[in-house]
2 protein chains.
Amino acid sequence: MRSPILNIQPSNCHNCRMSALCLPLALDSSSLDRLDKVIERGRPIHKNKYIFHGGDPFRAVYAIRSGAVKSFCISDDGSEQVTGFYLPGEIFGWDGIDNNTHSNTATTLETTALCEIPFARFEEISRTMPILQKHFMRLMAKELTSDQELIGLLAKSSAEERVASLLLSLSSRLKRQHLSATQFRLPMSRADIGNYLGLTVETVSRVFSRFQSFDLILCDKKEIEIINLNGLSALAHKPKV
Amino acid sequence: MRSPILNIQPSNCHNCRMSALCLPLALDSSSLDRLDKVIERGRPIHKNKYIFHGGDPFRAVYAIRSGAVKSFCISDDGSEQVTGFYLPGEIFGWDGIDNNTHSNTATTLETTALCEIPFARFEEISRTMPILQKHFMRLMAKELTSDQELIGLLAKSSAEERVASLLLSLSSRLKRQHLSATQFRLPMSRADIGNYLGLTVETVSRVFSRFQSFDLILCDKKEIEIINLNGLSALAHKPKV
DNA sequence: GAGCCAGCATGATTTAGATCAATTCTGTGT
DNA sequence: ACACAGAATTGATCTAAATCATGCTGGCTC
């Protein structure tokens, strides 16, 4: 019995569906080749495995080919704070550039295939490919922007707005990879959502129920269908004040 | 009458007290010279002036020589969300790298002198000075880390913990520039603090009062003296759970 | 100096979400 | 196929912070 996973694994960046997201568009074929040689394509990793731990030396950043990842940091008191969820085509691991040490821990939320981009090699080849360096700074800046959106969400919004925003964020990110924007499976638990959004599990669960009773979504455990996307947006961008 | 401000203005990066913070240490003298030529040193800007607006084209990042800056973004509903406070020696404006457009607005909180680092020129010279590029990625990663700290704060902490954390953050950043870590003047209003920490003005005010009654700080309007730094730390890193 | 406004403090009341508690569901491993 | 620990839902109560309200202060203009 052959593994079905092998079929979806690209052998290189040229034929990877995700390359539009993780690589600069203007990269010519020979540059792509050089880059291709640097990137290490790992075999799929099981659910709930560690990719790196907080405190680990920074070696690489990672692009997701399939699956999903959460990153979190441990605060002084030992409690977790989820800092991000990452979907296919997205890159994570930047937190290690400062100090050459990861401040976050990253784990798989489901079976996940990664491309590893070793940072030492990356620096060396980006010297001859300035566009790549700029692209990576862009990606870091994107991460900054998304963190700031989360800050805005946490600082000001109600539980309903937070959950609605998360659903919409997932939806638009899935759409970008040409997957359904209205029907998907949440890769993370309610507890992870709550932690990420600064809410308790109970509150998250109640909000999901309320959204269902308002006919905004259908949800069966982790399967989500967005029925009224406009209604959800209206809720996310509070008409308040 | 000569302006006293002129005295503290460095004419170049060599004699700037801040350079240890905003430039890589390993930069040799000739590299520093080249960089020096690119940087534009502005004259002091008054309080409550805009440095850039959200939506402005991205031209430069800025290092603070003296004064203080806040950055904030405007959400869909028109409300402000303060995303950061910046003190001397710190660099802000990264948010523009993505899309070549600033997502934040930056304003001065008091009279402020800036060094402007035009990004186009920066890219050109960093090609011959790889260490500089790495340093700037480091700085961005630092910003990412500090955003994530704020996220942790907003997601989980009580009003007292949030305010204590902000005071400690300001304290340690002032210390880094060899200023007093225990006596300083808050450059921002209670409203800004509240907005930044996701609290109302009233709550911020009450927490300040409570901290005074606990003999953790002395405070008269914006003048702060930290009396019991350990106590404040204990409060910031909640012993909870 | 009178009057005005913004910033800050403080008291009374309300409320959203946390906490506590109990039950059902489900996926996972033997 | 079974058993069991963790995940999710739902309900009852409690609480921290928001909201509403009022007064104080200090800087500003006229």
Side-chain angles (χ1 to χ4, degrees), chain A residues 46-49 70 79-82 107-111 153-167 185-214 217-224 235 238 240-241, chain B residues 46-48 70 79-82 107 109-111 153-167 185-214 217-224 235 238 240-241:
Chain A
H46 281 113
K47 190 176 168 171
N48 292 326
K49 297 291 173 209
K70 78 166 171 178
S79 63
E80 274 186 26
Q81 171 58 44
V82 174
T107 64
T108 52
L109 290 166
E110 50 192 38
T111 304
L153 210 57
L154 294 176
K156 296 229 283 283
S157 309
S158 70
E160 291 190 352
E161 291 166 60
R162 294 183 200 192
V163 176
S165 294
L166 176 64
L167 289 176
R185 185 184 163 76
L186 295 172
M188 72 296 278
S189 69
R190 299 283 191 273
D192 284 334
I193 294 177
N195 186 308
Y196 179 69
L197 296 176
L199 303 169
T200 57
V201 206
E202 293 95 322
T203 301
V204 174
S205 185
R206 278 185 247 270
V207 171
F208 273 106
S209 304
R210 228 175 299 156
F211 282 180
Q212 270 203 99
S213 72
F214 295 165
I217 63 171
L218 275 179
C219 101
D220 174 37
K221 288 271 306 165
K222 302 200 163 176
E223 296 298 335
I224 297 281
L235 241 172
K238 59 172 172 187
K240 201 193 163 190
V241 168
Chain B
H46 280 113
K47 191 175 167 171
N48 292 326
K70 77 166 169 177
S79 62
E80 274 187 25
Q81 171 58 44
V82 175
T107 65
L109 289 167
E110 50 191 39
T111 303
L153 210 58
L154 294 175
K156 298 230 282 282
S157 308
S158 70
E160 292 191 352
E161 291 166 63
R162 294 183 200 191
V163 176
S165 293
L166 177 63
L167 289 176
R185 184 183 163 79
L186 295 172
M188 71 296 278
S189 70
R190 300 282 191 274
D192 283 335
I193 294 178
N195 186 308
Y196 178 68
L197 296 178
L199 302 168
T200 57
V201 206
E202 294 94 324
T203 302
V204 174
S205 186
R206 277 186 248 269
V207 170
F208 272 107
S209 304
R210 228 174 302 155
F211 281 0
Q212 270 203 97
S213 74
F214 295 165
I217 62 171
L218 276 180
C219 101
D220 174 37
K221 293 264 307 165
K222 302 200 164 178
E223 297 297 336
I224 297 282
L235 241 172
K238 60 171 170 187
K240 203 193 161 192
V241 168

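Side-chain atoms are counted along with the backbone in the values below, which use heavy atoms only and exclude waters and symmetry mates. To find a chain, count down the sequence lines: A is the first, B the second, and so on, and within it residues start at 1.
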Inset, instruction - Would you please name every residue forming a side-chain hydrogen bond (donor to acceptor under 3.5 Å, both in side chains) with B/S165, sequence neighbours left out? - result: none

Inset, instruction - Report the distance from atom CZ of A/F211 to atom P of D/dT10, rounded to the nearest whole Å. - result: 15 Å

Inset, instruction - Report yes if some heavy atom in the side chain of A/I193 is under 4.5 Å from a heavy atom in the side chain of A/L199; otherwise report no. - result: no

Legend entry - Spacing between A/E160 atom CD and C/dG17 atom C1', to the nearest angstrom: 12 Å

Inset, instruction - For A/Q212, check side-chain hydrogen bond (donor to acceptor under 3.5 Å, both in side chains) against everything at least two apart and list the hits. - result: none

Legend entry - d(CG, A/D220; C1', D/dA8) in whole Å: 11 Å

Inset, instruction - Report the end-to-end axis angle of the helix from C/dG1-D/dC30 to C/dT30-D/dA1; each axis comes from five terminal pairs, and the value is rounded to 10°. - result: 50°

Legend entry - Contacts of B/E223 that satisfy side-chain hydrogen bond (donor to acceptor under 3.5 Å, both in side chains) - sequence neighbours left out: B/R185

Legend entry - Of residues 194-210 of chain B, the positions that come close to DNA chain D - non-hydrogen atoms, cut-off under 4.0 Å: B/G198, B/L199, B/T200, B/E202, B/T203, B/R206

Legend entry - Whole angstrom value for the distance that separates P of C/dT26 from NZ of A/K221: 7 Å

Legend entry - Euclidean distance, atom CD of residue A/E223 to atom C1' of D/dA7 [Å, nearest integer]: 16 Å

Inset, instruction - For atom NZ of A/K49, decide whether the heavy atoms of other residues, nucleotides or ligands shown that lie under 6.0 angstrom number more than 12. - result: no

Inset, instruction - Using the test salt bridge (Lys or Arg N to Asp or Glu O under 4.0 Å), find all partners of B/E110 that sit at least two apart in sequence or belong to another chain. - result: none

Inset, instruction - Would you mind reading off the distance between B/L235 atom CG and D/dA16 atom P, rounded to a whole angstrom? - result: 14 Å

Legend entry - Pairing residues for B/Y196 by the ring pair (Phe, Tyr, Trp, His ring centres under 6.0 Å) criterion, not counting sequence neighbours: B/F85

Inset, instruction - Can you sort out the partners of B/T203 under side-chain hydrogen bond (donor to acceptor under 3.5 Å, both in side chains), two or more places apart, ordered by chain and number? - result: B/T200

Inset, instruction - Measure from CG on A/L186 to P on D/dT9 and round the result to the nearest Å. - result: 10 Å

Legend entry - d(NZ, A/K47; C1', D/dG6) in whole Å: 11 Å

Inset, instruction - Among residues two or more places apart or on two chains, list those pairs meeting salt bridge (Lys or Arg N to Asp or Glu O under 4.0 Å) that have a residue in residues 193-204 of chain B. - result: none

